[in-house]
Amino acid sequence: MPFLIISPSQQHSIFSISPLISTVQPLLNNTLKPLHRTQIDFALIKTQSLTKQSCNLYLDNKGTVNSQWQDILEAIKASSTLQNLEISRIIEQNGGFKTISDFNHLLISLVLADEFELALKLSSLSYALAPDVNTYSIWVSLYCKKNDPETAKSILGNMLKDGFQPKVATFTTLINTFCKGGKLQKAYEVFDVMGQIGCEPTIYTYNCLLKGLCFVGRVEEAYELLLNIKKSNKKPDLYTYTAVMDGFCKVGRSNEALELLEEALEMGLIPNVVTYNTLFNGYFKEGRPLDGIKLLKKMKKQNCVPDHITYSTLLHGLLKWGKIRAASKIYKEMLNHDFEVDGRIMNSLLRGLCRQSRKEKEMLKDAYQVFERMQSRMLVVDPVGYELVIEAFCSGKELDKALESLYEVVRIGYSPKAFTFSNVIRVLCLEGKVDKALLVFILMLKVGKSPSSVPFSLLINELNQQRKPLTACYLYGVALKSGVVPRNKPEVYMRGNEVFNPGSVLIPLSLCAFS
DNA sequence: GCGTAAAACT
């Protein structure tokens, strides 16, 4: 049986994938149906948003799944112990690959589906076929996708050695992979090879280099490259501009990014949501939240629809720079557009709204709504968020909500600050709910907070008002025992002719140990 | 003959 023609260099880089070890009889015993020639519809594969399963890998003319290949691939995938020879046999039994093109089709669909190991396994087998320029190209893109540009580069080297002329796309893919990893030197090496063999770069190629330069902070060089591109016969596109704009934004030069936007507009390029998002990013990085808002207006005016990233960036940026009111507006807009808001951002919005509502009472409602939504979505409210929301409930006289949240936060295991307890106690006392206030006080002691004179004073004052001197005295005693002198003292009052002297009960009560 | 490039938070 003839074997795949393998050049020595290939043998090293591609075919050294170590084969699998022991046998799997059950699979071999399966009577597999004879294999039909199948046609892959690439468009279909792409639009059907491939899952990582190989069931969508090999489709027939009508776009329905061809079960023969599916079975084979699944079997090979499932078995980590199948030997190459056996896999070859299965493939042969099913008709094998008639042409290298057949093989390439399968290979590319595997790569598209991120089935790299399976693709390599199949590549390591022997067929009566010689790899062609496409096979090599697919291998290069495979290793690029695996983020292994070094191996990809060596394959490209072999390709050249074997007299194949790689396409621009192949070079570009490799350059891009090096650039993404910040290996500009390597990327330029590949770029040079292109020049040597007379493969002309496209705007794609330049865009990758631009992105790479910006990624490693070499914005000046990126800008110079842009100038050179403009001088050349290549036409910069939106990607070109966006890449350099992003570079400027990342180093806090969003004004220059904006200039580039104007330039792009003059060239007839229509900025899209990514372009705008890039600018938003720059503005918020630099602390120009209001410019961000202006840009949003401009963006909408130009019929560019904000996406989830736009809103998240805006929300995050506005909160970062304390623009709570604007942030709240954006948040509502997001909900109107059915965008989910990230839990952490919501938590920081909640905190911002609560803090802001100290000055602007009308924001309390917004804060409550955010809190309720977070609860209904089971999103995490951090300890500070809870303290603030309890404070907000207090200041909005939402006593039940305040109590509920206080109990909840204790139940979760956080220990709110004494200030928070005092706050709740204050509002409860104001509303005359001294019994509930006392329960809160007990809870406060239970979680180990040592009360200052404030809660004592609040409670004693209210107990005095309600003519409950015994409890007031009791508390007074507890206060003194713990070294705190409340501002209010239990009040003596008259019933008929009798004078109650709280002092008489002070002594025994103050001896009570509090635990 | 098939394929190549983009933005935010965490």
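Labels below follow one simple rule: chain letters A, B, ... track the order of the sequence lines, proteins then strands, and each chain is numbered from 1. All figures in this text were calculated on a predicted structure; none of them were measured in a lab.
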Practice prompt. Tell me, with the steps shown, if Tyr241(A) and Leu261(A) meet side chain to side chain contact (heavy atoms under 4.5 Å, CB included).
Written response: CA-CA 7 Å; Tyr241(A) 277 99; Leu261(A) 178 70; over 6 Å; no
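- Using a 4.0 Å heavy-atom distance criterion, Lys320(A) is classed as making no nucleic acid contact.
- At whole-Å resolution of the value, CG in Asn347(A) and P in dT10(B) are 13 Å apart.
- Protein atom CG of Leu110(A) is 16 Å distant from nucleotide atom P of dG3(B), rounded to whole Å.
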Stepwise side-chain hydrogen bond (donor to acceptor under 3.5 Å, both in side chains) test for Thr275(A) and Asn272(A): CA-CA 5 Å; Thr275(A) 320; Asn272(A) 62 12; 2.9 Å; yes
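- You won't find any donor-acceptor pair under 3.5 Å spanning the side chain of Asn207(A) and the base of dA6(B), going by distance alone.
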Under 3.5 Å donor-acceptor pairs involving side-chain atoms of residues 336-344 of chain A, not counting sequence neighbours:
residue, atom, partner, partner atom, Å
Asn336(A), ND2, Lys332(A), O, 3.4
His337(A), ND1, Glu333(A), O, 2.8
Glu340(A), OE2, Arg377(A), NH1, 2.5
Asp342(A), OD2, Arg344(A), N, 2.9
Asp342(A), OD2, Ile345(A), N, 3.2

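- Closest to the side chain of Tyr204(A), from the set dA5(B), dG1(B), dT10(B), is dA5(B).
- Remark: P of dA5(B) and CG of Asp246(A) are 16 Å apart, rounded to the nearest angstrom.
- Under 3.5 Å, the side chains of Thr310(A) and Asp307(A) contain a donor-acceptor pair of N or O atoms.
- Taking atom NE2 of residue His316(A) and atom C1' of nucleotide dT10(B), one finds them 8 Å apart after rounding to whole Å.
- In this structure, of dA7(B), dG3(B), dG1(B), it is dA7(B) that holds the atom nearest to the side chain of Thr278(A).
- The shortest distance between the side-chain N/O atoms of Asn176(A) and the OP1/OP2 oxygens of dT4(B) is not below 4.0 Å.
- Not a single donor-acceptor pair, N or O on each side, falls under 3.5 Å between the base of dG3(B) and the side chain of Thr172(A).
- Atom CG in Leu295(A) sits roughly 14 Å away from atom C1' in dA8(B) (whole-Å rounding).
- Atom CZ in Phe339(A) sits roughly 17 Å away from atom P in dA8(B) (whole-Å rounding).
- In terms of phosphate contacts, Lys285(A) brings no side-chain nitrogen or oxygen within less than 4.0 Å of OP1 or OP2 of dA7(B).
- In this structure, the nucleotide among dA8(B), dA7(B), dG1(B) sitting nearest to the side chain of His105(A) is dG1(B).
- The stretch residues 180-198 of chain A touches DNA chain B through Lys180(A), each having a heavy atom under 4.0 angstrom from the strand.
- For dA8(B), one of the phosphate oxygens OP1 or OP2 lies less than 4.0 angstrom from a side-chain nitrogen or oxygen of Asn281(A).
- Across all strands shown, Thr170(A) has heavy atoms under 4.0 Å from base atoms, whether or not it also approaches the sugar-phosphate.
- Of all nucleotides listed (dT4(B), dG1(B), dA7(B)), dT4(B) comes nearest to the side chain of Ala169(A).
- The side chain of Ser141(A) sits closest to dG3(B) out of dG3(B), dA6(B), dA5(B).
- For Arg344(A), whose side chain is taken as the heavy atoms from C-beta onward, the closest listed nucleotide among dT10(B), dA8(B), dA7(B) is dT10(B).
- What separates CG of Leu258(A) from P of dA7(B) is a distance of 19 Å, to the nearest Å.
- Thr173(A) comes within contact range of the sugar-phosphate backbone alone, with a heavy-atom separation under 4.0 Å but no base atom that close.
- The side-chain contact (heavy atoms from CB on, under 4.5 Å) test with Pro306(A) is passed by exactly one of Leu296(A), Thr313(A), Val273(A): Leu296(A).
- Residue Lys145(A) forms a side-chain contact (heavy atoms from CB on, under 4.5 Å) with just one option from Thr177(A), Thr173(A), Leu112(A), and that option is Leu112(A).
- Going from atom CG of Leu107(A) over to atom P of dG1(B) covers 19 Å, rounded to whole Å.
- With ring centers used as reference points, Tyr223(A) lies under 6.0 Å from Phe248(A).
- Aromatic ring centres of Phe393(A) and Phe371(A): separated by under 6.0 Å.
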